[in-house]
Enquirer: 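If you scroll down you'll find the structure; I have some questions about it.
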Amino acid sequence: MTQTAVVVDGLRKSYGDKVAVDEVSFSVEAGEIFGILGPNGAGKTTTVEAIAGLRVGDTGRIRVHGIDPWTDRDGLTRVLGIQLQEAQLQEKITVREALELWSSFYDTPRPWQELIERVGLGEHRDRRFGKLSGGQQQRLSIALALVGAPQVAVLDELSTGLDPRARREMWDLVRELRDNGTTVLLVTHAMDEAQLLCDRIAIVKDGRVAALDTPDGLIRSATAATVTSFRVDSAIDLVALRELPGVADVRSDAGRVVVEGSEGTSLAVLDRVRDSGITPRDLRVVDGSLDTAYLDLTTEESA
Amino acid sequence: MTTSPTVAAIRTEGRLLAREPIALFWIIGFPSILLVLLGLIPSFREESAELGGQSLIQLYVGTLVLLSMIVAAGQAMPEVLIGYRQRRVLRRLQTTPLGPARLILAQAVVYAGAIVAAAVLCLAIGRVAFGAPLPQAPGAYLLTFLLALAAMLSVGAVVTAVAPNPAVGNVLAMAVLFSFMFTAGVWLPVQAMPDTLAQVVGYTPMGAATEALNQATLGEFPDLVHLAVTAGWTVVLSLVAVRTFRWE
């Protein structure tokens with residue numbers, strides 16, 4: 001039996017004339033890793049801040065395990081832990097002191113001694129916040145979001161500033177949270193992260209949910225199952241390529257010609273290119289990815 | 001082992017203040033050092049008929065107790081809190097059961113502790129080194145002390161509330177520091193000021209507090225007008241602070 005952890009229903013929030021979020025609705029099942037993806041300024045952070053009770057929507061309604069975050073912030077803080085972008089701590093507080101202080105806020109905190117090792121800060125426990133690197137501050141911030149053993153963990157830009165190894169460690173941590181029944185809301189614009197971790201993803205664009213599906217579902221629904229790309233030395237007629245059967249999109253991207261389309265379009269495209277007397281270089285044919293699906297949904301008209 | 005969140009926050013903020021030797025020097029060390037230096041001037045130790053038989057140094061004990069308050073609550077604490085807001089520490093705490101208000105409370109408690117330490121030190125040095133009397137009306141003295149502390153904390157709260165960033169906060173805090181030092185009598189004890197000036201200064205929070213502390217030192221119950229002025233400023237400034245405060 002699944003239980004709904006987070007319900008967002010018709011959320012709208014504007015700042016002055018600017019509508020940040022409009023008619024955003026989705027629900028997150030307990031124990032799910034739910035991704036919120038979108039370009040900068042799309043309304044991702046506003047949405048999670050409304051869920052965390054930091055912003056009150058103009059209209060709409062949010063429930064987190066039945067709690068209204070806009071009226072019962074105290075109740076909310078006991079079930080939801082959030083790692084905020086750019087929020088810092090007192091300059092001279094040590095890692096250990098921060099975790100001890102945060103532990104004291106909760107009735108049944110997660111043992112911080114274990115958590116500190118889990119985020120790889122064990123050997124830095126007596127270091128002051130201001131002396132930590134950006135990645136270490138980020139990992140401490142994640143640990144503080146989790147020390148209250150929240151039922152819902154909101155991680156905003158989880159892996160910003162982390163090196164590749166630390167990213168993978170945080171990914172393992174997120175999966176482990178899910179395996180222990182914690183619901184995770186992951187705000188990100190790292191496609192690989194979203195594709196690897198999330199059970200479902202909401203793609204937010206211009207303050208609205210543009211698509212909501214599993215990563216596989218999003219990729220399948222994309223116009224491109226395969227992506228063919230290559231370089232050419234001379235001018236090429238992109239319009240002619242676009243008219244080939246099965247081709248969904250043709251664009252010129254960082255010096256490469258990129259053709260997206262259904263299976264089999266690759267050969268047709270390459271034949272056409274060679275017919276025009278041009279030899280494609282650095283040829284690559286890959287499966288469509290979440291990137292493609294994401295770009296489909298969030299990019300304006302392709303060139 | 002469970003500690004209440006508020007107690008834990010007070011302990012943490014206390015440790016953090018202990019890591020700020022410069023702030024501690026200005027709050028606890030500086031008033032006492034100034035008292036010693038002024039006390040070394042022979043004429044400051046002479047009882048004066050114009051001052052109602054008191055010596056200047058006796059008057060300075062109360063003024064320097066207030067100086068510690070001005071530095072701690074009017075300057076040091078606002079700078080820390082403005083920094084917390086700028087660094088989004090307060091916002092971060094909004095997402096925890098502690099909440100930012102209790103962090104601010106913890107700050108006030110910690111600075112009040114430092115101010116009490118500074119006051120005890122000033123009174124002890126005044127008594128031991130210069131024969132200044134301890135407060136003859138201790139209850140009235142304590143009452144005045146608490147009212148003055150509340151007034152200074154509300155001044156600090158207004159500075160914190162209205163400063164949009166640390167740079168402006170710094171300027172405001174400096175303006176508070178120097179004007180309040182003057183009205184507390186750091187440059188010239190209020191009792192030694194010309195009458196008209198002393199009357200005007202008597203309507204400022206620190207000017208009224210200086211007069212009331214001195215009366216309590218002499219064993220009198222302070223004039224109600226002094227206590228009312230100090231309390232009135234606290235009420236007005238607290239309202240302004242609450243109205244204008246921003247968590248982020």
Side-chain angles (χ1 to χ4, degrees), chain A residues 45 48-56 64 69 72-94 96-109 111 126 128-131 137 140-141 144-150 152-156, chain B residues 1-24 76-111 114 160 165-166 169-170 245-248:
Chain A
T45 296
V48 291
E49 285 182 347
I51 294 170
L54 290 169
R55 308 229 177 257
V56 175
V64 181
D72 182 10
R73 189 180 284 163
D74 193 54
L76 181 81
T77 59
R78 288 165 207 286
V79 298
L80 181 137
I82 182 167
Q83 169 240 329
L84 289 170
Q85 265 186 79
E86 288 164 24
Q88 302 190 43
L89 294 176
Q90 296 95 317
E91 187 78 22
K92 293 191 178 177
I93 198 169
T94 67
R96 172 213 296 266
E97 286 165 353
L99 282 160
E100 278 176 346
L101 176 62
W102 248 251
S103 297
S104 79
F105 301 163
Y106 302 95
D107 296 332
T108 49
D126 291 319
R128 294 175 180 184
F129 181 80
K131 304 272 184 208
Q137 292 183 347
L140 176 57
S141 181
L144 293 177
L146 302 179
V147 77
V152 178
V154 181
L155 304 171
D156 195 351
Chain B
M1 190 192 71
T2 54
T3 320
S4 100
T6 311
V7 172
I10 292 170
R11 197 171 55 201
T12 301
E13 291 302 317
R15 279 184 192 155
L16 294 177
L17 178 59
R19 285 174 200 161
E20 301 294 343
I22 295 171
L24 285 178
M77 191 180 79
E79 284 189 3
V80 171
L81 291 178
I82 292 166
Y84 283 0
R85 180 170 58 209
Q86 176 92 352
R87 296 161 59 83
R88 309 190 19 153
V89 176
L90 299 180
R91 189 170 163 73
R92 185 76 172 78
L93 284 167
Q94 259 182 316
T95 65
T96 71
L98 182 76
R102 284 199 275 173
L103 183 77
I104 293 175
L105 174 71
Q107 276 273 311
V109 168
V110 165
Y111 280 100
T160 308
N165 58 54
N170 196 0
F245 197 82
R246 295 166 297 115
W247 296 113
E248 53 184 284

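Just so we're on the same page: letters track the sequence lines, and every chain starts at 1.
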Enquirer: If you look at every heavy atom in B/Pro5 and A/Phe105, which pair is closest and at what distance?
Expert: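 So the minimum-distance heavy-atom pair works out to CB-CD2, 3.9 Å.
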Enquirer: Out of curiosity, B/Gln94 CD to A/Leu76 CG, how far, rounded to the nearest 0.5 Å?
Expert: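 That separation rounds to 11.5 Å.
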Enquirer: Which bit of B/Thr95 comes within less than 4.5 Å of chain A, counting heavy atoms only: side chain, backbone, both or neither?
Expert: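 Answer is both: backbone and side chain atoms of B/Thr95 are under 4.5 Å from chain A.
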Enquirer: Identify which part of A/Thr94 has an atom lying under 4.5 Å from any heavy atom of chain B, answering side chain, backbone, both or neither.
Expert: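 Both parts, backbone and side chain.
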Enquirer: Tell me, for B/Leu17 versus chain A, whether the close heavy atoms (under 4.5 Å) come from the side chain, the backbone, both or neither.
Expert: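 It is neither, since no heavy atom gets under 4.5 Å.
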Enquirer: Checking A/Gln85 against chain B: side chain, backbone, both or neither under 4.5 Å from a heavy atom?
Expert: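 The backbone, not the side chain.
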Enquirer: When heavy-atom pairs shorter than 4.5 Å are enumerated against chain B, which of A/Asp74, A/Leu54, A/Thr77 gives the highest number?
Expert: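 Of the options given, most contacts go to A/Thr77.
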Enquirer: Side chain to side chain contact (heavy atoms under 4.5 Å, CB included) for B/Thr96 and A/Tyr106? Distances and angles first, verdict last.
Expert: CA-CA 9 Å; B/Thr96 71; A/Tyr106 302 95; 4.0 Å; yes
Enquirer: If I measure from the heavy atoms of chain B, does A/Leu80 come under 4.5 Å with its side chain, its backbone, both, or neither?
Expert: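 Backbone only.
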Enquirer: Would you mind checking which part of B/Leu93 comes under 4.5 Å of any heavy atom in chain A, side chain (CB onward), backbone (N, CA, C, O), both or neither?
Expert: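 B/Leu93 touches chain A through side-chain heavy atoms alone.
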Enquirer: Can you say whether B/Gln86 sits under 4.5 Å from chain A via the side chain, the backbone, both, or neither, judging by heavy atoms?
Expert: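 For B/Gln86, neither part sits under 4.5 Å from chain A.
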Enquirer: Could you point out which residue of A/Gln90, A/Glu91, A/Glu86 forms a side-chain hydrogen bond (donor to acceptor under 3.5 Å, both in side chains) with B/Arg87?
Expert: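 With B/Arg87 as partner, side-chain hydrogen bond (donor to acceptor under 3.5 Å, both in side chains) holds for just one option, A/Glu91.
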Enquirer: Please answer whether the main-chain N or O of A/Ser141 pairs with a side-chain N or O of B/Arg92 as donor and acceptor at a distance below 3.5 Å.
Expert: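 Here the side-chain-to-backbone pair exists.
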